[in-house]
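See structure below.
The figures here come from the full heavy-atom set of this structure, side chains too, leaving out hydrogens, waters and symmetry mates. Every value quoted in this text rests on a predicted model; they were computed, and no experiment measured them. Naming: A, B, ... by sequence-line order, numbering from 1 per chain.
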Amino acid sequence: MNFEQIDQVLQKYNYRHSNIISIMQDVQGLENYIPEEAIRYISEKMELNLARIYDIATFYKTFSLIPRGRHTIKVCCGTACHLGGSDRNLDQIKRSLQIEEGETTADRQFSLETVNCLGTCALAPVVMVEEDYYDEVKPGRIEKILINYHSDEEG
Amino acid sequence: MKRINNIADLESIRDAILQQRDAFTNNIRICNTGCRARKSLKVSAALSQEIKSQGLTDTVAIKETGCHGFCELGPILVIEPENIFYCRVKEEDIPEIISETILNGHVIDRLLWQDPQSGAITCEKDLPFYREQQKHVSGNCGKIDPTDIEDYIANNGYTALCKVLTSMSSTKVVDTVIASGLRGRGGGGFPAGIKWRLCASAPGDAKYIIANGDEGDPGAFMDRSLMEGDPHSIIEGMIIGAFAIGASQGYLYVREEYPIAIEHLALAIKQAEEYGLLGDNILGTDFRLSLKINKGAGAFVCGEETALMVSIEGKSGTPRSRPPYPAFEGLWGKPSVLNNVESLANITQIFRNGATWYGDIGTQGSKGTKIFSLVGKVKNTGMVEVEMGTTLRKIIFDIGGGIRNGRNFKAVQTGGPSGGCIPISKIDMPVDYDSLREAGAIMGSGGMIVMDETSCMVDVARYFLNFLLFESCGKCVPCREGLQQMHAIMTNICEGRGEEEDMELLSELAGFMTTASLCALGGTAGNPVLSTIRYFRNEYEAHIVDKKCAAGVCKNLFAYEIDENVCSGCTLCAVKCPEGAVSGEKKKPHTIDVETCVKCGICFSLCKLDAIRVV
């Protein structure tokens, strides 16, 4: 963990307690999760109760206290996506990667998450891998999508 | 130098911008927000490269806009002055568009939208999707560059604010909003002007105005499109609101899942500050306001006003009981007004065009227009804006083009997890706050999700309960425990363990939660269940008594079967089945082994002959 980077974040938000959510969002941006040591460090530097930070870290869905994989897969489970069969896509990804929702593959390549709605409902069902959107996804297309990222790792 | 101090300044800036534009013969508008999911950034880059290499930079302008609305056809590109509408444009189409359409004036048929009845349509305004709409609040989306304040000013931006600050008292502003009849667009439909009046009258110097951009309803993206496509209209409405209630600090609470919205709003705030429209001495008056953006962190309950305010304070966002209402004790315990971003954009329209103009649009009890995200099993999906009182039929069949794949309409869901499902018998119902409530649904924020016979209504109700179960903050018992129990019963029904008294039990629990929950999340959680029991009782009975899901959604209650009279033995399903459940010889009908089949649906979606059936 690079504590200097955390210091920069804290300074950017003037160590203000009301900015704690923004601070944690920025800190999570550094390593794509919030390590325990980061929470302890923030608590100490901001003189803010550890329990309050832990409360926020576990209340808001955006925060992860465990490391994520290299590629984060987000399966949109909004209403339009649900009707379009997002459950089946999710099942297929689980079967393909042998992980459950919220887990990361043993080789740390993929993390699997679901999101309430990405706001791209007109293109449902949508699966997002990192920043790439895949629209009108069917279970049969899952393998093809994931292969893009496997080969990326070799290249 | 750029600072605007009065109406004359604003007008002279606008004239200068418009004059500059006369130099261009063509203006190409390309969506670069929603269509990014369809790689519009690449198309846009190719376009600017081609214009440069053809030496057309002095005559052809490119405008990267917000959402055009017809998202399904993205990336969308419109060529002015004729407004030629090209859809599903790819990078490789660009050289042809420039050489054929721009230089030779030929329309490329293959890129036009094909009307099922009349064939290709050239102009944007002639598309049935747009023809039946009334775009006022979202009128700038897809028309202006949301990252450029000058483009907003060129389209009469900030004239409403000028009018308010230079010629109206705060009381007059509040009265105008009350007279307009504007009701909150976030869900509840509370009269916006009354909220303002209460807050304006509340004692205290420090007051806050807050914009709710935490669009949480799944299946809704109107607010996203508005924030991305026309951020200044929201900010202008917010400044007017701040003036009316006497606030000098405001917050915009926006979902983290909407990075483009956050980027565009942040840019808009910065530009408004540079032009003297935010900060101290706005438009040369004593009025001051500063705005700050707070990013949501993925909690649906934070769309509730008290929870949202707690979240801005830097705590976990749980609601509190009311009264005291936020108009008296809100953010930091001070009088605060929270308006949905669409409501604020309506405010701008009301003051730009007048309360009388506004009052003439809509119905007696629901004034103005409403933006919907029309999605699901409808042909034309996207963002639509219609006059209040427009019938569901007009929205779904005229604008939406009817149901996809030749299937039949079953229901439309409005209002998200607080709303309900409306059946075909109510298709001619006008869409307004009161009619929707009578039908067992609500207006909500504007999600409109269309369903056909492949949608299982029992599963839809379970889906919303599941959603709320995970989003309930757990603070009050009725919501926390009620959702657990309702969800358990619904899961039993969907998995074939339903019992006959379940429907009665569900209705009883829903009623109890409505009475006893702390906030609207729990209070309205029963609506999707109640409305589906009301209109689709037969589906519940099929699940509970016959143990059948005719839609082919609830996995324990159906099986896939290959119709041997239709199957050609192409082997595609056998090759693609991940479980090896399909067998058969080439060119002979195949069969599915029910025991091995996991009902992943791959074969069902792949079969070109529709030989696979749900039984």
Heavy-atom distances under 4.5 Å only: say whether B:A220 touches chain A with side chain, backbone, both or neither. backbone
So for A:R141, is it side chain, backbone, both, or neither that comes closer than 4.5 Å to the heavy atoms of chain B? neither
Take A:H150 and A:F110, measure what ring pair (Phe, Tyr, Trp, His ring centres under 6.0 Å) needs, and give me the verdict at the end. CA-CA 10 Å; A:H150 283 302; A:F110 293 101; 5.2 Å; yes
Sub-3.5 Å donor-acceptor pair from the side chain of A:Q98 to the main-chain atoms of A:R95, do we have one? yes
Contacting region of A:L118 [heavy-atom separation from chain B under 4.5 Å]: backbone
Quick check for you: among B:E257, B:E313, B:K599, which has the greatest number of heavy-atom pairs under 4.5 Å with chain A? B:E313
Identified salt bridge (Lys or Arg N to Asp or Glu O under 4.0 Å) counterpart of A:E113 within the set A:K74, A:R68, A:K94: A:R68
Would you say the side-chain atoms of B:R38 pair up with the backbone N or O of B:I76, donor to acceptor, closer than 3.5 Å? no
At a heavy-atom separation under 4.5 Å, does B:V378 approach chain A through its side chain, its backbone, both, or neither? neither
Taking the cut-offs as 6.0 angstrom to the six-membered ring centre and 45 degrees off its axis, would you call B:K334 and B:Y208 a cation-pi pair? no
Parallel, tilted or perpendicular for A:Y134 and A:Y149, by the 30°/60° rule? perpendicular
Check whether B:L374 gets within reach of chain A through its side chain, its backbone, both or neither, counting any heavy atom under 4.5 Å. neither
Partners meeting salt bridge (Lys or Arg N to Asp or Glu O under 4.0 Å) with A:E4 (sequence neighbours left out): none
For chain B, which candidate among A:I53, A:T79, A:V115 shows the most heavy-atom pairs at distances under 4.5 Å? A:T79
Where on B:L606 is there a heavy atom nearer than 4.5 Å to chain A: the side chain, the backbone, both, or neither? neither
Residues of residues 573-580 of chain B within contact distance of chain A, non-hydrogen under 4.5 Å: B:P578, B:E579
Would you say B:K475 has more than 12 foreign heavy atoms packed within less than 6.0 Å of its NZ? yes
Contact origin within B:C456 toward chain A - heavy atom pairs under 4.5 Å: neither
Decide if atom NZ of B:K42 counts as having more than 12 heavy atoms of other residues, nucleotides or ligands within a radius under 6.0 Å. no
Can you confirm if the NZ or CZ of B:R224 lies within 45° of the ring axis of B:F221 and under 6.0 Å from the centre of its six-membered ring? no
Do you see a donor-acceptor pair shorter than 3.5 Å between the side chains of B:D223 and B:Y258? no
Under 4.5 Å, counting heavy-atom pairs only, tell me which of B:M451, B:K315, B:K555, B:M383 racks up the most with chain A. B:K315
A:E143 portion near chain B, given a 4.5 angstrom heavy-atom threshold: neither
Do B:S311 side-chain atoms and B:A307 backbone N/O form a donor-acceptor pair below 3.5 Å? no
Top contributor to chain B contacts, counting heavy-atom pairs under 4.5 Å, from A:T58, A:N19, A:V126, A:I21: A:I21
Who passes side chain to side chain donor-acceptor pair (under 3.5 Å) against B:E263, sequence neighbours left out? none
Closest-packed option against chain A by number of heavy-atom pairs under 4.5 Å, given B:F70, B:F300, B:F464: B:F464
Among A:K61, A:M128, A:K138, the residue with the most heavy-atom pairs under 4.5 Å to chain B is A:K61
Residue part contacting chain B, namely of A:D135, when any heavy atom lies under 4.5 Å: side chain
Report the option among B:G34, B:G74, B:G317 that has the most heavy-atom pairs separated by less than 4.5 Å from atoms of chain A. B:G317
Where at least one partner belongs to residues 446-467 of chain B, residue pairs that pass side chain to side chain donor-acceptor pair (under 3.5 Å), sequence neighbours excluded: A:H82-B:D459, B:K377-B:T454, B:D452-B:T454, B:D459-B:R462, B:N466-B:H487
Tell me, side chain or backbone of B:Q413 under 4.5 Å from chain A's heavy atoms, or both, or neither? neither
